[in-house]
Amino acid sequence: MSGFVVKLVVALITVFLADVVLPGMYYPSMYQDLLVGLLFAVVGYFTEVMILRRDTIWLSTAMDFVIGALLIYLSQFVFIGARVTLAAALITALAIGVLEHLQHIWLVQTGRVEKERT
């Protein structure tokens, strides 16, 4: 479960910071940031459990990027008052993707991928 905790913290902080820093991303309420980060962490975790292995690190990272970009961009249609440009969604997903790639390497090298599947 340690992979999920790291993914959750990374997603929550990244989405929140993107909301604060990027002019193309605006959530009127902090709970919206938190829900987007939580949703990404849950979906990303299960995707990671299904496909992450030593030979699929890049595939898993690409999936995190695509899932992140879609979830972040589409969240504007779910939350009242939220605005997210495509550029802001892609930048945020790229930041999440870079951090997730580092986490994937760590999970594979430490053998945590196999432990979390059992």
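Keep in mind it's a predicted model, so treat the numbers as computed, not measured. Scope of the values below: all heavy atoms of this structure, side chains included, with no hydrogens, waters or symmetry mates.
At a threshold of 4.5 Å between non-hydrogen side-chain atoms, the residues Leu34 and Leu38 do not count as touching. Between Arg53 and Val108 there is no side-chain heavy-atom pair separated by less than 4.5 Å. Looking at Met25 and Ile72, their side chains come closer than 4.5 Å, going by heavy atoms from C-beta outward. With a 4.5 Å cut-off on side-chain heavy atoms, Leu12 and Phe16 do not count as touching. Counting heavy atoms from C-beta on, the side chains of Tyr26 and Pro28 come closer than 4.5 Å. Between Met63 and Ser60 the shortest side-chain heavy-atom distance does not fall below 4.5 Å.
In this structure, Asp64 contributes its side chain and Gly97 its backbone to no donor-acceptor pair below 3.5 Å. Although no hydrogens or angles enter the test, the distance criterion places a donor-acceptor pair under 3.5 Å between the side chain of Gln76 and the main chain of Val84. A donor-acceptor pair under 3.5 Å is absent between the side-chain atoms of Thr56 and the main chain of Leu59, judged by distance alone.
For Tyr73 and Thr85, the side-chain atoms include no donor-acceptor pair closer than 3.5 Å.
More than 12 heavy-atom neighbours from other residues, nucleotides or ligands sit within 6.0 angstrom of CZ on Phe79.
In this structure, Leu71 is not a member of the same hydrophobic cluster as Phe65, with clusters built from ILVMFWY side-chain heavy atoms closer than 4.5 Å.
Looking at Glu48, Gln103, His104 one by one, the single match for side-chain hydrogen bond (donor to acceptor under 3.5 Å, both in side chains) with Thr61 turns out to be His104.
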